[in-house]
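Report on the structure given below.
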Amino acid sequence: MSDASADERSLHEDLDALAVRIGHRFRDPALLDHAFRHRSWCAEHDGPSNERLEFLGDSVLGLAVTDHAFATYPELPEGALAKMRAAVVSSVSLAALARELDLGRYLRLGRGEETTGGRDKASILADALEAVIGAVFVDAGWDAARSVVLGLVEERIAAAAEGPGVQDYKTRLQELVARRYDGPLRYAMTEDGPDHDKHFVAAVVVGGDAVGTGAGKSKKQAQQAAAQDAWERLVHVAGERTDADARAT
């Protein structure tokens, strides 16, 4: 057996194990493989990318979260439900969940993305997770996809429902850095675009190291997104658990 064939066999065995972890056995295992085909890989090989599955998965994810939140928290007004959903389905949150599932190892990337750290890029990881959800929906329909989504994010929904302060990631990051790190925390800002359509990008720097980035239409939005990215990464590295996490167990 060639090395390439052995690698493919190992990948498919790993995908089978991933399917078990997310709680769905695929009738068509090729769908799960398809979910990891980034467009950079497809530019160098034949076949479609995962973008259609990601498009579908994004809608399935949003509906599953909305449906669960609406039924589970009847006391919350529309605005609170919208904020809860946004917190759970943000690209930062999805990328953090993708890292927990180690989805980066399954990605099929082109040479350029491979050499520039594509396996840990938040946008690629979030898109891959949405594509996986889309693949489950295509394979087995709404009930199976909803079950997988809730198995992945139900605890995050519960945490987001605890109150408006839960998703203030700047405060949560400041507290985490104060507990765990010696260096100062600051936000480095860049902006581009005309005055009527500014685009801001923030980078969180802790002790001289960039630990998270985020973008938005305002400095506040960009800093909150960057703080969430940094908080998710530092929590993942340090194994830190929030009070909300502890109450959910």
Side-chain angles (χ1 to χ4, degrees), residues 38 40 54 58 61-62 65 79-80 82-100 103-104 107 109 112-113 115-130 153 156-157 159-245:
H38 188 256
S40 64
E54 177 238 321
D58 175 68
L61 170 66
V65 171
K83 289 179 180 179
M84 180 194 306
R85 180 180 59 195
V88 173
V89 305
S90 74
S91 60
V92 172
S93 291
L94 295 182
L97 179 55
R99 291 187 184 100
E100 291 177 15
L103 296 193
L107 289 168
L109 301 174
E113 284 291 355
T115 57
T116 56
R119 291 188 185 278
D120 193 49
K121 285 185 179 178
S123 60
I124 293 177
L125 288 170
D127 288 350
L129 180 55
E130 290 178 335
V153 305
R156 283 171 162 78
I157 296 172
E162 290 193 1
V166 169
Q167 295 306 321
D168 180 7
Y169 280 96
K170 290 184 70 174
T171 299
R172 297 170 77 180
L173 178 63
Q174 186 69 53
E175 292 172 351
L176 176 62
V177 169
R179 288 196 304 269
R180 291 280 182 172
Y181 300 92
D182 294 329
L185 182 156
R186 65 181 180 87
Y187 292 87
M189 301 294 305
T190 59
E191 62 182 75
D192 59 31
D195 289 341
H196 68 279
D197 189 24
K198 286 286 188 183
H199 178 77
F200 296 89
V201 176
V204 178
V205 181
V206 176
D209 296 323
V211 295
T213 59
K217 291 292 186 179
S218 68
K219 290 182 179 180
K220 182 177 179 180
Q221 286 181 354
Q223 288 179 355
Q224 279 287 355
Q228 182 178 0
D229 185 32
W231 187 85
E232 296 278 12
R233 287 174 179 271
L234 294 178
V235 164
H236 181 68
V237 169
E240 182 84 10
R241 295 174 62 195
T242 66
D243 291 340
D245 294 330

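FYI, side chains are in, hydrogens and waters are out, and symmetry mates aren't considered; it's all heavy atoms of this structure.
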Approximate separation, where rounding is to 0.5 Å, of Asp229 CG and Thr213 OG1
5.0 Å
Among residues at least two apart in sequence or on other chains, which ones pass side-chain hydrogen bond (donor to acceptor under 3.5 Å, both in side chains) with [X]?
| X | answer |
| --- | --- |
| Lys220 | none |
| Lys217 | Asp197 |
| Gln221 | none |
| Ser90 | Ser93, Gln228 |

Pairs involving residues 84-94, ordered by first then second residue, that meet salt bridge (Lys or Arg N to Asp or Glu O under 4.0 Å) (sequence neighbours left out)
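Salt bridge (Lys or Arg N to Asp or Glu O under 4.0 Å) check on residues 84-94 returns no pairs.
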Mind checking side chain to side chain contact (heavy atoms under 4.5 Å, CB included) for [X] and listing every partner two or more places apart, or none if nothing turns up?
| X | value |
| --- | --- |
| Ala126 | Ser91, Leu94 |
| Ala82 | Glu78 |
| Val206 | Val177, Tyr181, Leu185, Val204, Val211 |
| Ala225 | none |

With Lys219 as the cation and Tyr187 as the aromatic partner, state whether NZ or CZ is under 6.0 Å from the six-membered ring centre and within 45° of the axis.
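Pair Lys219/Tyr187 does not count as cation-pi.
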Where do [X] and [Y] come nearest, in terms of heavy atoms and distance?
| X | Y | value |
| --- | --- | --- |
| Lys198 | Gly193 | NZ-O, 3.4 Å |
| Ala96 | Glu232 | CB-OE1, 3.5 Å |
| Ala87 | Ala160 | CB-CB, 4.4 Å |

Do any N or O atoms from the side chain of Glu54 and from the backbone of Ala128 form a donor-acceptor pair under 3.5 angstrom?
no
For a 4.5 angstrom cut-off between non-hydrogen side-chain atoms, does Leu107 reach Leu103?
no
Enumerate the side chain to side chain donor-acceptor pair (under 3.5 Å) contacts for residues 115-130, please, sequence neighbours excluded, ordered by first and then second residue.
Arg99-Asp120, Glu113-Lys121, Glu114-Arg119, Asp120-Arg233
After noting the C-alpha distance and the side-chain angles of Arg180 and Leu234, does the key distance pass the side chain to side chain contact (heavy atoms under 4.5 Å, CB included) rule?
CA-CA 9 Å; Arg180 291 280 182 172; Leu234 294 178; over 6 Å; no
